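Below is one structure, written out as structure tokens, with a few remarks after it.
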Amino acid sequence: MRYSLKLATKSDTDFIFRLKKQTLKEHIDQIWGWDDEFQRQTIEKEFIEENNFLISLGNDLIGLLEIDETDEELHIVELEILPEYQGQGLGSEILQDIIVKMKDKGKRIRLGCFYINKRALKLYEKNGFKKYGETKTHILMEV
């Protein structure tokens, strides 16, 4: 494993906002319009400490993994990696580690991906995720 995960805390919400702005702003802007203050408030209001993990590569903080786990499934709420660390196989490595752990527990893994985020869709499909539904903005996928 080249990366490490550490539980995020409320003090990490500024990093999470900056990360989201770098990774998702263009998609959110196209769909609903981007508003800095709204995004900050949403992150702070919806932040659940035990569901958010900071992703590090060596000493570099490079991303966020937000999950929501039930008895039946693990929902990947967010998997965001700073643009300069994308394309290096880290997303696939994280997804494959999750898939192995959850399959051992007999759980399915689900996520939603913006229709317009072609790079993320390609990553999820490459790692075995298949479409099971859709919303106005997202393709719903599972493995």
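Note that the structure is predicted; figures quoted are calculated from it, not measured.
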>> Between H138 and Y115 (judged by ring centroids, cut-off 6.0 Å), do the two rings come close enough to count as a pair?
In response: no
> Looking only at heavy atoms, which two atoms of T23 and P83 are closest? And how far apart?
Replying inline: CG2-CD, 4.2 Å
>> Is it the case that over 12 heavy atoms from other parts of the model lie below 6.0 angstrom from the NZ atom of K103?
In response: yes
>> Just to verify, which of H27, Q30, E26 counts as forming a side-chain contact (heavy atoms from CB on, under 4.5 Å) with F114?
In response: H27
> Considering all heavy atoms of both residues, which atom of I76 and which atom of L111 are nearest to each other, and what is their separation?
Replying inline: O-CB, 3.5 Å
>> Restricting to non-hydrogen atoms, name the atom on R119 and the atom on G87 that form the minimum distance, rounded to 0.1 Å.
In response: NH2-N, 3.4 Å
> Is V77 linked to I81 within one hydrophobic cluster, defined over Ile, Leu, Val, Met, Phe, Trp and Tyr using a side-chain heavy-atom separation of less than 4.5 Å?
Replying inline: no
> Going from CD on E66 to CG on L64, what distance comes out if it is rounded to the nearest 0.5 angstrom?
Replying inline: 6.5 Å
> Any idea which heavy atoms bring Y85 and Q88 closest together, and the distance?
Replying inline: CA-NE2, 3.5 Å
> Under 4.0 Å between a Lys/Arg side-chain N and an Asp/Glu carboxylate O for K107 and D71?
Replying inline: no
> Is the number of heavy atoms from other residues, nucleotides or ligands within 6.0 Å of CZ (F38) greater than 12?
Replying inline: no
>> Consider side-chain contact (heavy atoms from CB on, under 4.5 Å). Of V143, N127, V100, L65, which one does L95 pass it with?
In response: N127
> Is it true that R18 and D14 make a salt bridge, defined as a side-chain N closer than 4.0 Å to a carboxylate O?
Replying inline: yes
> Which pair of non-hydrogen atoms, one from L79 and one from G91, has the smallest distance, and what is that distance?
Replying inline: CD2-O, 4.3 Å
>> With a 6.0 Å cut-off (strictly less than), is the heavy-atom count around NZ of K10, excluding the residue itself, greater than 12?
In response: yes
>> When you measure from the side chain of K105 to the backbone of E72, do you find a donor-acceptor pair of N or O atoms at a distance under 3.5 Å?
In response: no
> Do K20 and Q39 have a side chain donor and acceptor closer than 3.5 Å?
Replying inline: yes
> How far apart are the closest heavy atoms of A8 and L54, and which atoms are they?
Replying inline: CB-CG, 3.9 Å
>> Looking at E142 and K131, is there a salt bridge between them, counting it only when a charged N and a carboxylate O are closer than 4.0 Å?
In response: no
> So F129 and Y124, would you call those rings parallel, tilted or perpendicular, with 30° and 60° as cut-offs?
Replying inline: perpendicular
